[in-house]
Amino acid sequence: MTGQAPAIILGIETSCDETAAAIVTRDESGRGRIRSNVVRSQIDEHAAFGGVVPELAARAHVEWLDHIIAQAMDEAGICLDDIDAVAATAGPGLIGGVLVGLTTAKALTASLGKTLIAVNHLEGHALTARLTDGVEFPYLMLLVSGGHSQFVLVRGVGHYERWGGTIDDALGEAFDKVAKLLSLGHPGGPAVEQAAKVGDARRFKFPRPLLREARLDFSFSGLKTAVRLQAEAIAPLTDKDVADIAASFQAAVTEIVATRSRQALERFRTDLPEAMPQLVVAGGVAANRKIAAALAEVAEEMGAKLVVPPIALCTDNGAMVAWAGAERLALGAADGFEVVARPRWPLDSPDMKVGGDAA
Ligand code: KG4
Ligand code: ZN
């Protein structure tokens, strides 16, 4: 989009265990710039429970959000009067947390007379590569985080086609559960990757669920069970056993993700023969070096451009919400106070289109 008025957006993200706020600007040529991006992770609060506790998360968002917003404004050198709009995640996510962020955005926009933009968290992930790398539509997004694992064809702002997803656990969740059963701590992804470094990835042949089927879906729960049964069978586990299980698990999921991504890029080439194939990765699992390397290989083999934004922007943050808000604002979007927080909100719902019907 070109020729739009420049805009300054405050973005608020509270849908899971990060309290985040950011200031992003968008110039008339459509380029975005992150002026500040403050993220407070609640990992320590939830660590003892081995996962995110929704009530604790909501309470921490209430306690911290005002400070995080103030810090974001401060670091950007911008005051509330300067901003054009407040964009907040309105779902999907843990409903208590989403309510905290969305209600704060409503209060701010009401008192300041600014525009409110309700952002779908997944759209934030989907559009980040345009902020960081100026990627043009269309492209394929692979989102692999603690809560989501899906392929989405991104045709334009608000125009998304879901090509596949997980039928049970998300990939990050599978890493977290495997880490838990190997007593590696939370969050599990980095811990499993670390343990796997010294492990033998060929010692255990774990299943690759669904992989023989053509559909672009994932299933990780059977794999996780296979890992548990294997661990029980050889318990008590030595450090070497833990490393070998971690490495064998990581090898299985890497093969699954690489194979599915190859199939998704094949579909991209068939369905959009005029377009340059592009694969954009989002979500915390993008930090995994083995998976990232496998995706780079697949992209090269398929003649596709691979875009992996900096990891701090692959994980949950306020800049992605601000940027999605900026892209929507440029198309004339504005939400009313009746907009509600939603635990579920698929990217391909009809109300994602700018000016579309509210659900
Ligand atoms: O995107 P994210 O920060 O939060 C949401 O879930 O929205 O993703 C966090 C997930 C966790 O499940 C974490 O274990 C996983 O990403 N993760 C990793 C790695 N770093 C983070 N998984 C595998 N390898 C990693 N290095
Ligand atoms: Zn996320």
Side-chain angles (χ1 to χ4, degrees), residues 92 120-130 132-145 147-174 207-223 251-286 288 290-309 314 324 327 345-350 352-353 356:
N120 182 313
H121 177 88
L122 305 172
E123 180 169 58
H125 282 301
L127 298 177
T128 296
R130 289 170 53 72
T132 57
D133 294 79
V135 177
E136 300 281 347
F137 300 121
Y139 53 87
L140 182 68
M141 173 184 61
L142 168 64
L143 171 60
V144 274
S145 69
H148 304 275
S149 299
Q150 49 187 270
F151 286 107
V152 173
L153 175 67
V154 181
R155 286 189 185 274
V157 178
H159 293 258
Y160 308 102
E161 279 172 33
R162 198 167 173 282
W163 280 5
T166 180
I167 59 170
D168 40 58
D169 294 346
L171 181 52
E173 190 181 358
R208 275 74 167 149
L210 287 188
L211 213 54
R212 293 225 174 80
E213 294 181 34
R215 59 203 264 205
L216 291 173
D217 289 324
F218 296 108
S219 168
F220 295 114
S221 110
L223 170 58
V253 295
T254 300
E255 187 187 329
I256 294 168
V257 170
T259 305
R260 279 287 180 258
S261 300
R262 189 179 298 111
Q263 292 163 326
L265 282 170
E266 273 161 13
R267 175 166 170 194
F268 189 103
R269 298 185 82 117
T270 311
D271 287 15
L272 298 100
E274 309 291 318
M276 192 215 342
Q278 307 185 93
L279 178 63
V280 165
V281 188
V285 184
N288 186 286
K290 286 275 185 228
I291 293 176
L295 289 173
E297 249 173 58
V298 167
E300 187 172 347
E301 176 195 324
M302 299 296 296
K305 179 175 161 195
L306 178 72
V307 180
V308 187
C314 281
E327 293 241 53
W345 189 4
L347 258 190
D348 52 4
S349 24
M352 283 307 300
K353 297 209 173 64

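Keep in mind it's a predicted model, so treat the numbers as computed, not measured.
- Between Leu295 and Ser261 the shortest heavy-atom distance is CD2-OG, 3.3 Å.
- Scanning all heavy atoms of the two residues, the minimum distance from Thr254 to Lys290 falls at CG2-O, 3.7 Å.
- Here the closest non-hydrogen pair linking Ala275 and Pro138 is CB-CG, 3.8 Å.
- Nearest heavy-atom pair, Phe218 versus Phe151, reported as atom, atom and distance to 0.1 Å: CZ-CE1, 3.6 Å.
- Gln278 places a side-chain N or O within donor-acceptor distance of the main-chain N or O of Glu136, the cut-off being under 3.5 Å.
- Two residues are said to be in side-chain contact when any heavy atoms from C-beta on lie closer than 4.5 Å; Leu122 and His148 meet this criterion.
- Of the inter-residue distances, the one linking Ser145 atom OG with His125 atom NE2 reads 5.5 Å to the nearest 0.5 angstrom.
- A pairwise comparison of heavy atoms in Ile291 and Asn288 identifies N-OD1, 3.0 Å as the closest pair.
- When side chains are defined from C-beta on, Ile256 counts as touching Leu223, because their heavy atoms get closer than 4.5 Å.
- Of the options Leu216, Leu153, Leu272, a side chain to side chain contact (heavy atoms under 4.5 Å, CB included) to Arg267 is made by Leu216 and by none of the others.
- You'll find the side chain of Thr166 stays beyond 4.5 Å of the side chain of Gln150, heavy atoms only.
- For the atom pair Arg260 CZ and Trp163 CH2, the distance stands at 14.0 Å (nearest 0.5 Å).
- Separation of atoms CG (Leu140) and CG (Leu279) is listed at 5.5 Å; rounding is to 0.5 Å.
- Looking at Val281 and Val307, their side chains never come closer than 4.5 Å, going by heavy atoms from C-beta outward.
- In this structure, the side chains of Val157 and Met352 stay at 4.5 Å or more apart for every pair of heavy atoms.
- Listed by chain and number, the residues in a side-chain contact (heavy atoms from CB on, under 4.5 Å) with Ala293 amount to none (sequence neighbours excluded).
- Atom CD of Glu161 has more than 12 heavy atoms from other residues, nucleotides or ligands within 6.0 Å.
- Residues Met302 and Pro277 have side chains not in contact (no heavy-atom distance under 4.5 Å, counting atoms from C-beta outward).
- Once rounded to the nearest 0.5 Å, the distance linking CG of Leu347 with NE2 of His121 reads 10.0 Å.
- The backbone N or O of Gly124 lies less than 3.5 Å from a partner atom in the side chain of Thr128, making a donor-acceptor pair.
- Here the side chain of Arg155 pairs no donor or acceptor atom with the backbone of Tyr139 at under 3.5 angstrom.
- Formation of a donor-acceptor pair under 3.5 Å by the Asn120 side chain with backbone atoms of Trp345 is found in this model.
- The side-chain contact (heavy atoms from CB on, under 4.5 Å) search around Ala258 returns Ala294, Val298, not counting sequence neighbours.
- Closest approach of Pro309 and Cys314 over heavy atoms only: O-SG, 3.3 Å.
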Output side-chain donor-acceptor pairs under 3.5 Å for residues 167-174, partner residues at least two apart or in another chain, one line each.
| from | atom 1 | to | atom 2 | distance (Å) |
| --- | --- | --- | --- | --- |
| Asp168 | OD1 | Phe220 | N | 2.8 |
| Asp168 | OD1 | Ser221 | N | 3.1 |
| Asp168 | OD2 | Ser219 | OG | 2.7 |
| Asp169 | OD1 | Lys177 | NZ | 3.3 |
| Asp169 | OD2 | Lys177 | NZ | 3.4 |
| Asp169 | OD2 | Lys224 | NZ | 3.3 |
| Glu173 | OE1 | Ala170 | N | 2.9 |
| Glu173 | OE2 | Lys177 | NZ | 3.3 |

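- No more than 12 heavy atoms of other residues, nucleotides or ligands lie within 6.0 Å of CD in Glu300, so this atom counts as exposed by the packing criterion.
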The test is side-chain contact (heavy atoms from CB on, under 4.5 Å); show your working for Val154 and Phe137 and say whether it passes.
CA-CA 7 Å; Val154 181; Phe137 300 121; 3.6 Å; yes

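- For the atom pair CZ of Arg130 and CD of Glu327, the computed distance is 4.0 Å after rounding to the nearest 0.5 Å.
- Glu301 contributes atom CD, which lies 9.5 Å from atom CG of Leu265 (distance to the nearest 0.5 angstrom).
- Residues Tyr160 and Met141 are not in side-chain contact: their nearest non-hydrogen atoms beyond the backbone lie 4.5 Å or more apart.
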